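Below: one structure, written as C-alpha cells.
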Amino acid sequence: MLLLLALAPAIGHATPAPPPPQVFDRGQVEVPVAPYRQSTLQHVAWRKRDGAPSAAIAMAQDSRGMLWFANYEGLHRFDGVRFDRVDAVDGNKLLATDVSTVAAYGDALWVGYRFGGASVFEHGAVTHYREAQGLPARTTQELARTPDGVMWAATYVGVFRRDGQRWAAIGAAEGIAPGNFSHFTVAPNGALLAYGDTGLYIRQPGSQRFRRISGISGLPAIDSGDLRPDGTILLKTEHRALFIFDAVTETVRPLALPHFTRQRLDVFEKKDGTLLIMTPQGLYQVDPSDPARSAYAIEGGFSGRNVHAQFTDREGNTWLTTEGGVDRLSHGRINRLEWGSAQTAFMSVLAGAHGELWMGSTPGIIGFDDTLYRVGQDGRRFATPIHSPTASVRAPDGSAWFAAEGALWQVRDGRYRRWSLPSGPASMAVQAMAMDGDGTLWLSIIGHGIHTFKAGVWGRPAAPELAARTAISLHADAQGRLWFGYPENAMAVLAADGALRQLGAGEGLAAGNILAINSRGEHLWVGGDHGFAHWNGKRFAMLRDAGSAELFGVSGIVENAVGDLWLHGVGGLAHIRAPDVAAALANGAATVAVPMERFDYLDGYGGIATQLRPIPTLAESSDGHIWYASSSYVGWIDPRHITHNPLMPTPQVIGLRAEGRSYPLNGAARLPAGTENIELDFTAAVLTIPERARFRYRLVGLEDGWRDAGTRRQAFYTNMGPGDYRFEVLASNEDGVWSTRPATLDVAIAPTFVQTLWFKLLCALVLALAGYGLFRWRVQLATARVAERMQERLDERTRIARTLHDSFLQSVQALIMRFDRIKHGIATDDPLQREIDNALDTADAVLLEGREQVWALRSGDDAQPGLQRALEEAAAACGQQYGVTVHVEQQGKPVPLSDSVQHEVHAIALEALHNACRHSGAVVVHVALRYAPDSVQLRVLDAGCGIDDQVLANGAPHGHWGLAGMRERAHLVKASLRISRRAGGGTEVRLEVPLTS
C-alpha cells in the first residue's frame with residue numbers, strides 16, 4: 001500500500017516543550033576504571049573420560065603433525081580429536097608399555113622406556129636398543145638430537161651418546177660426573193645442556209667435552225630449561241626461581257618478577273616470550289617484558305593442578321599435561337574483552353565518531369554491572385552515568401544517542417545531556433532509534449509505537465500506521481528514507497517526500513522478525529531471525545550460506561569501506577568478501593547462495609547474538625575493526641589481519657577391520673577369502689580447530705570418484721569381491737587447505753574356491769558340456785521329429801501315388817484303349833489316322849510320365865535330370881504338341897541346383913513354355929538358360945501377339961492360376977520373376993534365381 005503524505009505533517013502536533021535537559025561535563029560524571037584486557041586465548045581440556053593420558057611426562061610432534069604422549073600407561077597418539085593408546089607404531093611393536101619419554105626428529109619417532117632401552121620408528125621399520133646395544137637397564141628420561149645428527153640419552157645413571165648402532169656412556173673423561181640426568185636443552189647455536197643432580201653441563205658445538213656451568217654456585221639445583229624467542233634459555237630451579245642463560249657467552253642472570261608474588265608450582269615459557277605460571281589458584285600468563293602489567297589469570301577448567309610437561313606445536317598451540325589429562329591453549333581469530341569479576345549480560349556496542357567505543361550491559365538482574373563504558377582510542381576506559389542502555393545510534397553530526405532507564409541521552413563535545421521520556425512511555429524500554437536527515441530522532445518504544453524527538457520536543461508521526469505500531473528495528477539511509485522493521489516478516493519505508501510503503505512477503509522478503517537494517521550507499525541489507533536479505537529497489541533477494549550452514553537470528557549488519565559484508569547471528573559472525581557480495585547482487589535470483597566465512601566459538605566467539613534488546617549488535621570502529629556485542633561478551637575482529645592456518649595436513653590410514661577383526665597396517669593388507677565387509681579409520685593432525693577438518697576418500701578398484709566424508713573419519717564398504725584395491729584419503733585443515741598427496745593403503749582380498757579362475761573355468765567347462773549335451777539332445781529330438789514328419793510325408797505321397805495309379809492313370813489307360821478302338825474303325829488312309837496316332841503317342845508319354853511321378857512319390861526320390869536336359873525334353877514335347885519350333889540355349893558353366901530349386905525352376909519354365917506355344921501365335925519360341933557367377937537366369941521369349949495389358953495389370957486372367965503359380969514358385973526359391981511385353985512384339989518371361997537359394 002502506498003500512502004502519499006505531505007512532508008510537513010509527517011510529524012504530528014508537538015507536545016508542550018519539556019524542561020531543558022540536564023547537562024553534565026564529561027569530567028564531572030565519567031570515572032576512569034581499569035582498562036579492558038583483550039585476549040584471543042582459548043582453553044580446552046581433555047580428561048581421562050575423554051581418553052586423554054594422565055600425568056604424561058613427555059610430548060612430541062612427528063613429521064605428520066601427530067602429537068605423541070608418553071606416560072607409564074604407554075604411548076598415546078592424538079590427532080586433535082581422539083586419543084589412541086598404541087602398542088605399535090606403523091605395525092611395529094613397542095619394547096614395553098611402560099614408556100618414559102618420546103621425541104620426534106625428521107621422520108623418526110624415538111621412544112624411551114622406564115626400565116631401560118629405547119626404540120626408533122622410521123619409514124615403517126623399527127630398531128630397538130637394549131643393554132646389548134649399550135643402553136643401561138635404567139630409566140631413559142629424555143632423548144635429544146644435536147644439529148650434527150648425534151642422538152643423546154639422559155638416563156637415571158648418566159648421559160649416553162649413540163655411535164652407529166651402539167650407545168656409549170659419557171663419563172669423567174668427557175667432563176660429566178655420573179648421576180641422574182633428567183633433561184636436555186639444545187641451544188640455537190648447537191650447544192647441548194644436560195641437567196643432572198650433579199650440576200648443569202654444557203657441550204659446545206665442535207667440542208668433545210662437557211663443562212659444568214659456573215657462576216651459579218650456591219643456587220638450588222636447576223632441573224630444566226626452556227628456549228626463549230631470543231635464543232637464550234630460561235633456567236628453572238626446583239623452587240621455580242628463574243634465570244636467563246646465554247649459551248654463547250655462558251653467562252647467567254636472574255629473572256625477577258616483582259609484580260607476581262603468588263606461589264609458583266611450575267613455570268613454562270611460550271614461543272611468544274610470555275610465561276605460563278601454574279599456582280595453587282590456577283594458571284597465569286605473565287609478560288616478563290612488562291612488569292607493570294598485572295598477571296592475567298587464564299579462566300579455570302584445567303584438567304589438573306600440576307603441570308608435568310609443556311609443548312608448543314607447529315600451529316602455535318601450547319599443550320600442557322597434568323595429573324588429570326591434557327590442556328590446549330590456542331589463539332582464536334576473534335579478540336574478546338575480559339570484564340574481570342563483573343557479571344554482565346545482553347551487551348551493546350556503539351562506535352563513536354572520533355575513534356571511541358561505547359560498551360554497555362543491560363542485564364536487568366540485581367548485582368550485574370549495567371554501566372555504559374566509554375573506551376578511548378588509547379585504550380583508557382571510563383564509566384559513564386548511563387546505565388542499562390537498550391538502544392543507541394550515532395547521528396550524522398557525530399553525537400551519540402542512548403536510551404536508558406526512562407531517559408534519552410546525548411553525548412557530544414564532551415558533554416552529556418539528559419531528557420526524560422514522555423510520561424506515558426517513560427516506564428517502558430526503547431527498542432530502537434534512528435536519526436533522519438533533518439535531525440529528527442525516531443524512537444520505537446515498547447507498547448507505545450513510534451515517537452519523534454527534535455530540539456527537545458517530543459512528537460508522534462502523522463501516519464497512524466507508524467504511530468501505533470512498535471518497530472523492532474529502525475534505520476535512516478543516505479537517500480533520506482526511514483526504514484521500519486516489524487515482527488512477522490513485515491517492513492515499512494518512509495520516503496523523503498512523505499510516501500509510505502509497506503513491504504513483506506509479496507516483495508520477496510522471508511527474514512521473519514526484522515532485527516537489523518543497515519545500508520551503505522545504494523545497498524540496503526535486512527536481517528531477521530529467519531535469515532538475511534538485500535533490497536534492490538524493487539524486491540528483496542534472500543542470501544544463504546553456500547556451505548549449507550544455516551544463517552539465522554541476524555541482529556547485526558556492517559558493510560565496510562572495501563565492500564565486505566559482516567553479519568552477526570546466533571551462531572557467531574559471518575564474513576562475505578566484496579567480490580562475492582558483487583556477484584550476489586548481480587545474480588538476480590530470489591534466493592542466492594553466497595560463500596561465507598564463519599567465525600564461531602571455535603574462533604573465540606562467546607555468547608549468542610541478542611535477538612531483542614539491545615540491537616543492533618555489530619559496529620565498525622574508525623580503525624576498521626568489526627565489533628560485536630553478544631549476550632555475554634564484547635569483542636572484535638580485524639578484517640585486514642585474519643589469521644589462517646597455512647599448514648597442509650598429512651592424512652593417515654590408522655585402522656583396518658574386516659568382518660569384525662582388526663589387521664595390522666605394516667605394508668599391504670591381505671584379507672582372507674570370503675571377506676565382504678571392511679571398515680577403514682583415517683585421520684589427519686589438525687590441532688587448532690580439528691572440528692573443521694574435512695576428508696574425502698575413494699577405493700581404487702571399486703570406484704573412480706572421490707567421496708566427501710565431511711568431518712567423518714571412517715569409511716565403510718560392503719559386498720566386496722576378491723581383488724586388489726587401493727584406499728586413498730585426502731584431508732583439509734580448518735581453512736580449506738587440502739593435502740596434495742593422499743594417504744594410501746593397499747588391500748588384497750583372496751578369492752574363495754568358488755571365486756577363483758579355476759572354478760570359473762570348471763564352471764565354463766561344465767556349462768559347455770551341458771550345452772553340448774543339450775545340443776545333442778535337441779538334435780536327436782529334431783531328427784526324430786524330422787523323421788516322423790518325413791514318414792508322414794512319405795505316407796502321404798504313397799497315398800497320393802496310389803490314388804493316381806488307381807484312378808487317374810487307369811482312366812488315361814482306358815481312354816488310350818478307347819481311342820485305339822476308334823482308330824481301328826477309321827480307314828487306314830483317312831487323315832485322322834495320323835492325328836490320332838500323334839494324340840496316342842502323347843497320351844502314352846503322359847501315361848509314362850504319370851507312372852514315373854507315381855514311382856517318385858512312392859520311393860520318395862525327387863532326383864531329376866539336369867535342368868538343360870529337362871528344358872530340352874519339355875521344348876521338344878511342346879513343339880510336337882503345338883507345332884511350334886522351340887530353341888533352347890545355354891550360356892556359362894552349369895551349376896548344380898538343389899532338387900527342390902530345380903523342380904520349381906523347371907515348373908516355371910514349363911508353364912511359360914506352354915503359355916507361349918498355346919497363346920502367343922508365334923512360330924518360334926526361344927528358351928535361354930544362363931549361369932552367372934551369383935545366379936541362374938532363365939528367359940522364355942516369343943515374337944507373337946504379346947501378353948494382354950489387362951493381364952499384366954491384374955497379374956493373371958480371371959479364373960486362371962498359371963501365372964499366380966509361377967510367382968508362388970519363384971517366391972519359394974527367393975527368385976525374381978518378371979513378365980513383360982517386348983518392344984518389337986511378343987512376351988518375355990525372365991526368372992533370376994540367386995545361387996544362395
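Treat the numbers as computed from the prediction; the structure is a model and nothing was measured.
- Under a 4.0 Å N-O distance rule, the pair Arg598/Asp600 does not qualify as a salt bridge.
- Residues that satisfy the ring pair (Phe, Tyr, Trp, His ring centres under 6.0 Å) test with Phe402, not counting sequence neighbours, are Trp358.
- For Trp483, the side chain to side chain donor-acceptor pair (under 3.5 Å) partners are Asp477, not counting sequence neighbours.
- Applying the 6.0 Å contact sphere to CD of Glu691 captures more than 12 heavy atoms from other residues, nucleotides or ligands.
- By the 30° and 60° cut-offs, the orientation of the rings of Trp442 relative to Phe484 is perpendicular.
- By the side chain to side chain donor-acceptor pair (under 3.5 Å) test, Trp535 pairs with no residue at all, sequence neighbours left out.
- Note that OG1 of Thr610 and NE2 of His568 are 7.5 Å apart. Values are rounded to the nearest 0.5 Å.
- For the pairing with Ser473, the side-chain contact (heavy atoms from CB on, under 4.5 Å) check across Leu515, Asn513, Ile517 returns one residue only, Ile517.
- Here CE of Met359 is found 12.0 Å from OG of Ser392. Values are rounded to the nearest 0.5 Å.
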Handout entry: salt bridge (Lys or Arg N to Asp or Glu O under 4.0 Å) assessment of Arg481 paired with Asp436
Key = CA-CA 8 Å; Arg481 296 172 298 188; Asp436 66 15; over 6 Å; no
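- Annotation: side chain of Arg381 is not in contact with side chain of Pro32 (no heavy-atom distance under 4.5 Å).
- Of the listed residues (Leu350, Val411, Thr384), just one forms a side-chain contact (heavy atoms from CB on, under 4.5 Å) with Leu372, and that residue is Thr384.
- Remark: side-chain polar atoms of Thr390 are not paired, donor with acceptor, to backbone N or O of Ala429 under 3.5 angstrom.
- Between the OG atom in Ser444 and the CD1 atom in Ile450 there is a gap of 4.0 Å [rounded to 0.5 Å].
- Remark: of the listed residues Leu509, Val493, Ile514, Val493 is the sole one forming a side-chain contact (heavy atoms from CB on, under 4.5 Å) with Leu503.
- Gln479 CD: more than 12 foreign heavy atoms inside a 6.0 Å radius.
- Distance CD/Glu507 to CZ/Arg501: 5.5 Å, rounded to 0.5 Å.
- We find the CG-CZ distance between Leu602 and Arg692 to be 5.0 Å, quoted to the nearest 0.5 Å.
- Judged as a salt bridge (charged side-chain N to carboxylate O under 4.0 Å, His left out), and not counting sequence neighbours, the contacts of Arg333 are Glu597, Asp603, Asp735.
- When each of Trp409, Trp458, Trp401 is paired with Trp419, the ring pair (Phe, Tyr, Trp, His ring centres under 6.0 Å) condition holds for Trp401 and for no other.
- At distances below 3.5 Å, at least one donor-acceptor pair connects side-chain atoms of Ser631 with backbone N or O atoms of Ile608.
- Distance alone, capped at 3.5 Å, places no donor-acceptor pair between the Ser555 side chain and the Gln611 backbone.
- Within the structure, the salt bridge (Lys or Arg N to Asp or Glu O under 4.0 Å) test picks out the following pairs touching residues 390-411 (sequence neighbours left out): Asp397-Arg412.
- Listed by chain and number, the residues in a side chain to side chain donor-acceptor pair (under 3.5 Å) with Ser732 amount to none (sequence neighbours excluded).
- Contacts of His625 classified as ring pair (Phe, Tyr, Trp, His ring centres under 6.0 Å), with partners at least two apart in sequence or in another chain: Trp636.
- Scored by the ring pair (Phe, Tyr, Trp, His ring centres under 6.0 Å) test, Tyr373 finds Trp339 as partners (sequence neighbours excluded).
- With sequence neighbours left out, the ring pair (Phe, Tyr, Trp, His ring centres under 6.0 Å) criterion links Phe532 to Trp525.
- Thr688 OG1 to Asn733 CG: the interatomic distance, rounded to the nearest 0.5 Å, is 9.0 Å.
- The ring pair (Phe, Tyr, Trp, His ring centres under 6.0 Å) contacts involving residues 575-594 comprise Trp566-His575, where partners must be two or more places apart or lie in separate chains.
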Validation: residues 19-28 side-chain donor-acceptor distances under 3.5 Å, sequence neighbours left out:
| from | atom 1 | to | atom 2 | distance (Å) |
| --- | --- | --- | --- | --- |
| Gln22 | OE1 | Arg418 | NH1 | 3.2 |
| Asp25 | OD1 | Arg415 | NE | 3.2 |
| Gln28 | OE1 | Asp25 | N | 3.2 |

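- Side chains of His451 and Pro422 form a contact here, defined as non-hydrogen atoms less than 4.5 Å apart.
- By the salt bridge (charged side-chain N to carboxylate O under 4.0 Å, His left out) test, Arg707 is found to be paired with Glu703, residues two or more places apart in sequence or in another chain being considered.
- No side-chain heavy atom of Gln377 sits under 4.5 Å from any side-chain heavy atom of Leu357.
- Heavy atoms from other residues, nucleotides or ligands lying under 6.0 Å from CG of Asp378 number more than 12.
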